[in-house]
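Values below: every heavy atom of this structure, side chains too, minus hydrogens, waters and symmetry copies. So you know, we letter chains A, B, ... as the sequences are listed, proteins then strands, and number each from 1.
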Amino acid sequence: MQFSGSLSRMRESQKAMRRFYDAIAYAVIAFMLVFALFPLVWTAMTSIKPEKDIVTNELQYIPRNPTFEHYVTLWNRSGVTTMFRNSAFTTSLTVALVILVGTFAAYSISRYRFRGRGAILLFYLTIRMFPSVLMLLPLYIMLRSLGLLDTLWGLALTYTTFSMPVSLLMLKGFFDAVPADLEDAARIDGCTRLGALFRVVMPLARSGIAATAVLIAVGAWNEFLFALMLTNSEGSRTWPVVLQLMVGEFQLPWGLIAAGGMISILPIIIFFAFAQKALVRGLMVGAVKG
Amino acid sequence: MNPSSSPSVNNPSDAIKHQVKRFNPFDLLGKLSESRYWAYVLLAPSLLLVLAVIVYPVGYGIFLSFQQFNLMRAALGMKFVGLEQYIELFQEEDFYIIIKNTFTWVVFGACSQFLVGLITALALNRKSIRGGAVARVLLLLPWIIPSVVAGHMWALLLDSRLGVINDILVWLGVLDSYQAWFASAKTAMPAVLLVDLWRGFPFFTLLLYAGMQSIPDELYEAAEVDGATGWQKFIAITLPMLTPVIVAAGILRGIALVNSPDLMIVLTNGGPGLATFTLSLYAFQIAYDNFNFGAAAAVSVIMLMILMVFTMLYFKFSGVTKNT
Amino acid sequence: MKKMTITRRQFLKGTAVTGAGLAMAACATPAPTAAPAKKVSGNITYWHHYTSESEMAGLKEGAEMYMKKYTEAKVESLTVPNADFMAKFTLAVQGGSGKPDTTMISADRVPDMVGMGGLQDLTERIKAWPDKKNFPDKYFNAATINGKIYGIPSFMFVDWMYYRKDWFDEKGLKPPTTFDEMFDAAVKMTDPAKGRFGFGMRGGAGGQGLVVQVIRAFGSPLVQDGKAALDVAKTTEALKWYSELHTKAKAVPPSVTNDSFRQIMEGFQTEKTAMLWHHTGSLADVMGFLGKDGKKFMSIPRPKGPAALINDISPSYNGIVDDKKNPEAAWAWLTHWADKDTGIMLMEKTGYVPSNQEAAKDERITKNPYYTAAFKALEIGTTAPQFAGQPAWQSSVVLPTFQRILLGEVTPAAGAATLAKGLEDAIAGKLK
């Protein structure tokens with residue numbers, strides 16, 4: 001029959017098209033992997049070359065004299081482990097605070113219709129719009145009067161505030177995606193609004209919350225300016241400060257910086273390996289219905 | 001956790017007795033959550049935090065922008081000069097170059113990162129693709145590495161003496177000799193934009209991919225029955241469904257580009273000449289090289305105004321704050 | 001009369017400090033022995049911008065020496081990255097807490113740090129300091145504001161020029177002693193086919209100081225009687241000569257506008273450049289890659305400009321920021337770093353030249369040809385004029401303007417005018 005013939009031809013052509021698109025997709029992914037990873041591979045290579053093989057006229061693609069000296073030097077620097085620990089603490093605390101406080105705010109914006117919601121979103125964003133340069137001095141004075149200067153709690157509190165716009169925008173999207181009916185059902189069963197938030201909404205959006213947590217964690221883990229400016233002793237400094245301190249006035253130790261870079265992405269990769277499942281699912285549900 | 005489903009809630013009079021007998025904050029919270037103030041109660045902690053941190057600096061900044069005040073000249077004190085510092089800024093030729101650079105940096109940066117992020121997300125989103133899970137993590141790495149390291153490593157990659165990219169381009173015959181990408185007024189901005197593209201595209205890929213995953217398959221299947229091509233499906237389904245994510249991601253990235261000069265500081269520090277000099281670098285320089293806090297405040301207020309206007313327009317057009 | 005009262009007040013203050021010191025010493029040590037007049041005890045903090053392994057090793061050993069010498073004092077040091085130093089220092093001073101007791105002071109920052117009230121006047125202490133005789137007066141120039149001294153020098157950065165001795169010998173050229181000879185040599189040394197350039201010009205970050213030195217070598221003053229006094233004609237000449245090394249002679253690497261310390265060093269290290277302007281701070285590095293036998297490279301004073309020989313020496317000072325807590329321990333820390341033995345120790349670790357003249361006589365220094373060259377430069381050393389706003393003017397006006405001249409966007413004459421205008425603004429504290 002002519003009709004089914006054309007249908008099968010259409011199917012054929014659709015199949016061909018699909019294969020064609022798949023080929024393009026593979027090409028795109030391959031290209032992007034090269035683009036994304038080449039600098040990192042080069043960083044890894046650099047981290048195991050002796051300094052003399054980096055600053056040289058003869059470019060070495062494969063390190064001829066591989067060495068782990070940079071990693072050893074880095075790890076032996078005084079205070080490195082403390083600073084790594086400080087970073088881990090500050091990051092965890094920040095994520096916990098942001099998720100707790102941000103969840104409430106995002107839920108409110110997502111579920112309630114009150115005047116000035118747009119204005120509030122905009123207001124939260126101002127914290128990102130005003131140059132941090134001019135925030136430094138007032139922040140410093142504020143933390144001092146709270147007794148939080150030079151403490152990890154002070155840093156975490158600062159990061160929490162500065163992460164608020166990101167978490168608010170993202171979490172709002174995730175909560176929007178949770179159907180209101182489910183919540184209503186829970187409330188008929190005797191839950192309060194608060195109960196419904198903890199027992200229905202948050203579990204359903206948990207993967208979205210995980211995704212937000214990753215965004216916040218990466219930001220807090222890598223923050224440098226506040227970490228340097230709002231602490232005054234070795235004991236409360238964080239990892240990005242260590243990295244920055246390797247760049248000296250009269251030196252730029254490529255190998256050390258590269259090694260530092262490799263070390264600093266490790267924890268995040270591990271975190272991702274665990275969070276990956278939740279992350280993908282979360283982003284699936286969330287972000288989304290604005 | 002929250003014992004709000006205790007009998008007290010089911011029976012209001014019980015609840016009152018309960019509370020009189022033994023004060024339980026969770027019960028109180030549970031009750032509060034039913035009241036009409038709950039929306040504000042939820043908002044309060046973060047709002048207070050943001051208020052505490054933002055109001056004083058911004059207010060003080062606006063106040064300072066009308067004063068002549070140099071931190072190093074305590075003796076000169078503060079002098080009210082009205083709009084003088086704003087007027088002087090707009091009278092300077094260089095200021096327009098700086099604004100233009102900022103515009104180029106943000107618009108090209110955000111757009112290129114969005115486009116590349118989108119294309120990557122589309123490729124990852126194809127169901128028939130294998131190894132997508134691993135690729136997704138690997139493609140996120142550029143966004144995870146600290147910017148100090150990213151900046152210096154790219155400086156090394158593109159270096160005019162030690163740079164492997166120059167070496168490859170010469171080997172491919174694209175270049176005759178090593179180029180100093182950051183030293184020429186023509187190539188410095190594109191080079192920095194390339195580095196930021198590398199750093200920023202994963203952010204979009206992450207969010208857009210997530211958005212695509214949430215679009216119901218039925219929509220595509222229905223379109224396929226109607227004989228829609230891939231492009232038509234993209235225009236009619238994917239793009240509209242993605243709009244909210246695009247808006248949120250776009251605004252966050254845009255603001256980040258305006259306000260974080262960290263890559264630029266490592267790679268060019270605004271040079272050569274003024275070729276990559278942007279507003280955020282300018283504000284930092286005026287404040288902490290020149291200590292002219294009055295003028296730095298004026299620049300900051302101008303930045304804030306520009307960003308506010310753009311964000312408001314953006315919100316308006318995208319409808320993200322509309323009541324749905 | 002007036003002078004009299006001041007002296008008396010200071011005398012009273014002095015006794016008060018001694019009293020407090022005694023009281024504290026009595027508290028700290030349960031068995032009070034015959035304590036010396038000024039007891040060195042307590043914890044002090046120290047900010048510095050040392051970063052490299054060798055610098056850190058020197059600092060560590062120096063701190064250990066100090067704590068061995070003063071057993072009741074303890075020092076805790078904090079690295080502050082040089083680029084962020086002023087921002088951080090400003091926050092601590094203006095933010096009302098977190099000030100260090102003592103700090104390292106880069107010479108060009110003294111006026112700004114004094115301007116914000118961040119440094120203590122050390123004049124009286126220095127007058128009474130027995131070691132003072134080992135330091136030429138000019139070493140204190142950059143730390144003196146309105147007749148008051150705010151820091152004591154620990155080591156010196158001595159400007160000089162490195163050149164490739166082997167290449168110069170090959171071509172039968174003598175190392176340049178004037179700007180004209182240098183220009184000539186730069187042209188002759190340039191060989192694009194070999195990827196070789198005559199001069200590793202620093203046109204990127206940090207190059208601003210060198211531009212100003214060239215301007216001074218052409219005879220233009222910067223300030224007179226506290227007012228901007230840039231001679232536009234001479235500045236134009238200076239900018240023209242310096243920029244033409246690139247724009248006309250093509251004797252510097254094309255990457256010049258982005259070449260900061262790292263790049264010019266790597267250019268020299270990968271044997272791409274024949275001459276280089278820097279100071280003694282990089283000697284250890286250069287010896288590391290070109291050998292210390294005096295065959296491949298040598299160092300000589302900078303060549304003489306048309307009007308003057310500018311070969312700056314700039315001390316790295318230490319100063320007291322907070323004298324409330326343990327002023328005696330802080331002062332002891334300062335003098336400890338100006339001590340001959342500490343200086344030699346640091347030099348052996350880092351190659352930095354000690355400021356104490358006694359150290360210069362030590363044979364560990366006299367044996368090394370490069371150190372001898374450094375001390376020769378030290379003798380003829382000039383000092384840069386200091387005024388509040390100078391670092392700002394250099395980094396936010398001189399550098400970008402000079403880069404634009406190198407790029408051909410601005411003429412030297414227009415550039416000189418921009419510099420003059422910027423200098424006025426900088427001195428008035430109105431620079432944007």
Please report, to 0.1 Å, the donor-acceptor pairs under 3.5 Å made by any side chain of residues 100-111 of chain A, with sequence neighbours excluded.
residue	atom	partner	partner atom	Å
A:Thr103	OG1	A:Ile99	O	2.3
A:Tyr107	OH	A:Glu183	OE2	2.1
A:Tyr107	OH	A:Arg193	NH1	3.3
A:Ser108	OG	B:Ala39	O	2.7
A:Ser110	OG	A:Asp176	OD1	2.6
A:Arg111	NE	A:Glu183	OE1	2.7
A:Arg111	NH1	A:Phe175	O	3.1
A:Arg111	NH2	A:Val178	O	2.9
A:Arg111	NH2	A:Glu183	OE1	3.2

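Interface check for chain A: of the options B:Tyr60, B:Tyr56, B:Phe293, B:Tyr288, the most heavy-atom pairs under 4.5 Å are formed by B:Tyr288. Between chain A and the residues B:Leu304, B:Leu307, B:Asn259, the largest count of heavy-atom pairs under 4.5 Å involves B:Asn259. In terms of heavy-atom pairs under 4.5 Å with chain A, the best-connected choice from B:Met303, B:Glu224, B:Arg199 is B:Glu224. Taking B:Val148, B:Ile129, B:Leu138 one by one and counting their heavy-atom pairs under 4.5 Å with chain A, the maximum is reached by B:Ile129. In terms of non-hydrogen atom pairs under 4.5 Å with chain A, the most contact-rich of B:Val116, B:Leu122, B:Asp159, B:Leu157 is B:Leu157.
Between A:Phe130 and B:Pro57, the shortest heavy-atom contact is CE2-O, 3.9 Å. The two atoms that bring B:Val53 and A:Met135 nearest to each other are O-SD, 4.4 Å, heavy atoms only. Of all heavy-atom pairs spanning B:Pro142 and A:Leu40, the tightest one is N-CD1, 4.3 Å. Closest non-hydrogen pair, B:Ala52 versus A:Met142, comes out as O-SD, 3.2 Å. Nearest heavy atoms, A:Leu59 versus B:Gly163: CD2-O, 4.2 Å.
Pairs of residues two or more places apart, or lying in two chains, that qualify as side-chain hydrogen bond (donor to acceptor under 3.5 Å, both in side chains) and include a residue from residues 34-47 of chain A are A:Ser47-A:Tyr71.
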Using the side-chain hydrogen bond (donor to acceptor under 3.5 Å, both in side chains) rule, take A:Tyr21 and B:Ser128 through it: C-alpha gap first, then chi angles, then the decisive distance, then the call.
-> CA-CA 10 Å; A:Tyr21 279 126; B:Ser128 35; over 6 Å; no

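The CD1 atom of B:Ile145 lies 6.5 Å from the CE atom of A:Met262; values are rounded to the nearest 0.5 Å.
The side-chain contact (heavy atoms from CB on, under 4.5 Å) test with B:Ile255 singles out one residue from A:Thr126, A:Leu125, A:Val166, and that residue is A:Leu125.
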